[in-house]
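Please read the structure below before turning to the comments.
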Amino acid sequence: QVQLVESGGGLVQAGGSLRLSCAASRRTFSYYAMAWFRQAPGKGQEFVAAISYSDENTYYSDSVKGRFTISRDNAKNTVYLQMNSLKPEDTAVYYCAAAPWDSDYEPPNTAYYDYWGQGTQVTVSS
């Protein structure tokens with residue numbers, strides 16, 4: 001069992017920045033691929049970014065590429081999402097998710113993720 005706790009959400013003006021953190025409870029954190037998803041009001045869940053088990057590969061949705069950066073610190077069992085140049089359309093609840101090792105891992109596919117955080121609200125005002 002892995003518990004994930006997100007933090008860092010809040011209200012920011014368009015063009016501003018926020019850094020989200022997701023702390024994992026398990027010491028084998030490095031064996032999990034980690035990702036961020038988001039869900040805006042009235043919309044489905046959307047893949048945002050992911051980082052592989054070994055930290056060698058990162059993946060981004062087209063909507064955040066060049067503005068968001070995902071990173072992880074395995075010593076702290078934490079994954080981060082640095083969000084720059086925020087837009088009102090980035091407003092959503094952001095969820096952290098963990099996927100155990102799988103040779104067929106597909107970052108945007110929610111089926112690979114066994115553990116989810118409770119979410120943190122990000123609101124970008126225009």
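Note that the coordinates shown come from a computational prediction; the quantities given were computed from them, not determined experimentally.
Residues Tyr31 and Asn74 have side chains not in contact (no heavy-atom distance under 4.5 Å, counting atoms from C-beta outward). Side-chain contact between Tyr53 and Asp102: present, with at least one pair of heavy atoms (C-beta onward) separated by less than 4.5 Å. Residues Thr110 and Trp116 have side chains in contact (heavy-atom distance under 4.5 Å, counting atoms from C-beta outward). Proximity of Ile70 to Tyr60: side-chain heavy atoms (C-beta onward) are separated by under 4.5 Å at one or more points. Residues Val122 and Met83 form a side-chain contact, since some pair of their non-hydrogen atoms from C-beta on lies under 4.5 Å apart.
Here the closest heavy-atom approach between residue Ser63 and residue Arg38 is recorded as OG-NH2, 3.5 Å. When all heavy atoms of Ser21 and Trp36 are compared, the pair lying nearest together is O-CH2, 3.7 Å. Taking each heavy atom of Tyr80 and Asp73 in turn, the nearest pair found is CE1-CB, 4.0 Å. The shortest heavy-atom contact between Cys96 and Met34 is SG-CE, 3.6 Å. Considering all non-hydrogen atoms of both residues, Tyr112 and Asp104 come closest at OH-O, 2.9 Å. Smallest separation of non-hydrogen atoms from Thr91 and Val124: OG1-N, 2.9 Å.
Here OG1 of Thr123 is found 11.0 Å from CG of Asp90. Values are rounded to the nearest 0.5 Å. Note: Tyr95 OH to Cys22 SG = 13.0 Å, rounded to the nearest 0.5 Å. Asn57 CG to Ile51 CD1: the interatomic distance, rounded to the nearest 0.5 Å, is 9.0 Å. Atoms CG and OG1, on Leu18 and Thr120 in that order, are 9.0 Å from each other to the nearest 0.5 Å.
More than 12 non-hydrogen atoms from other residues, nucleotides or ligands lie less than 6.0 angstrom from OH of Tyr105. More than 12 heavy atoms of other residues, nucleotides or ligands sit less than 6.0 Å from atom CD of Gln45.
Under the 4.0 Å criterion applied to side-chain N and carboxylate O atoms, Asp62 and Lys65 are assigned as salt-bridge partners.
At distances below 3.5 Å, not a single donor-acceptor pair connects side-chain atoms of Arg72 with backbone N or O atoms of Ala33. Side-chain atoms of Glu6 come within 3.5 Å of backbone N or O of Gln118 as a donor-acceptor pair.
Ring pair Tyr113/Phe37: centre-to-centre distance below 6.0 Å.
Listed by chain and residue number, Ser17, Gln82 satisfy the side chain to side chain donor-acceptor pair (under 3.5 Å) test with Asn84 (two or more places apart in sequence, or in another chain). A search for side chain to side chain contact (heavy atoms under 4.5 Å, CB included) contacts involving Ser85 returns Arg67, not counting sequence neighbours. By the salt bridge (Lys or Arg N to Asp or Glu O under 4.0 Å) test, Lys43 pairs with no residue at all, sequence neighbours left out.
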(message) side-chain contact (heavy atoms from CB on, under 4.5 Å) for Phe47 and Asn109? Distances and angles first, verdict last.
(response) CA-CA 8 Å; Phe47 170 76; Asn109 189 339; over 6 Å; no
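Using the six-membered ring where Trp is involved, Tyr32 and Tyr115 have ring planes that are perpendicular, over 60° apart on the 30 and 60° scheme.
Residues Leu20 and Val5 are members of separate hydrophobic clusters, defined by side-chain heavy-atom contacts under 4.5 angstrom among Ile, Leu, Val, Met, Phe, Trp and Tyr.
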